[in-house]
Amino acid sequence: MREASAAIVDNEIENEFNGDAHAFIRAVYQDPNVPLVIRLQAAARALRVEKPALSSTKATVDDKSGLAERLETARQRVKSREVQEASGNSTKPTYEH
C-alpha cells in the first residue's frame with residue numbers, strides 16, 4: 001500500500017485526490033502502474049461503497065381489519081394531527097402498523 005500511495009503522488013494524481021478514503025482507494029485501483037494484486041484489493045474494498053448490497057425488508061399486512069376500518073383509522077390520525085397543529089402542539093408524526 002505504501003508503494004501504491006507513493007505511485008499515486010508521483011503520477012500527479014495528488015491534484016485529483018480530494019482527501020477522503022474512497023477517493024484514495026479509487027485512485028489506487030484505477031492506476032495501471034499499481035501492481036494488480038493491490039489494485040484488486042483496493043477494488044474489493046471500494047465495492048461496498050460504489051455498489052451497496054441490497055437488503056431485504058419485512059412488510060406486514062393486517063388482513064384482519066377491513067378497508068373501511070383502516071380508512072377510518074387513517075382519518076382519525078389526520079384529524080388528530082390537524083387538532084395538534086391548530087393548538088400549537090405539533091410533534092413529529094407517528095405511524096402505527
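Keep in mind the model is a prediction, meaning the values are calculated, not measured.
Applying the side-chain hydrogen bond (donor to acceptor under 3.5 Å, both in side chains) criterion to E50, with sequence neighbours excluded, gives H22, Y29. For E72, the side chain to side chain contact (heavy atoms under 4.5 Å, CB included) partners two or more places apart in sequence, or in a different chain, are R75, Q76.
Note that the CD1 atom of I38 and the CD1 atom of I25 stand 13.0 Å from one another [nearest 0.5 Å]. Annotation: the span from R26 atom CZ to D20 atom CG amounts to 10.0 Å, rounded to 0.5 Å.
Summarising the geometry of R39 relative to P32, their closest heavy-atom pair is NH1-CA, 3.7 Å, with the distance given to 0.1 Å. V28 and A42 make their closest contact through CG1-CB, 3.7 Å (heavy atoms, listed as atom of the first residue, atom of the second, distance).
Under the 4.5 angstrom side-chain criterion for Ile, Leu, Val, Met, Phe, Trp and Tyr, the cluster partners of L40 are L36.
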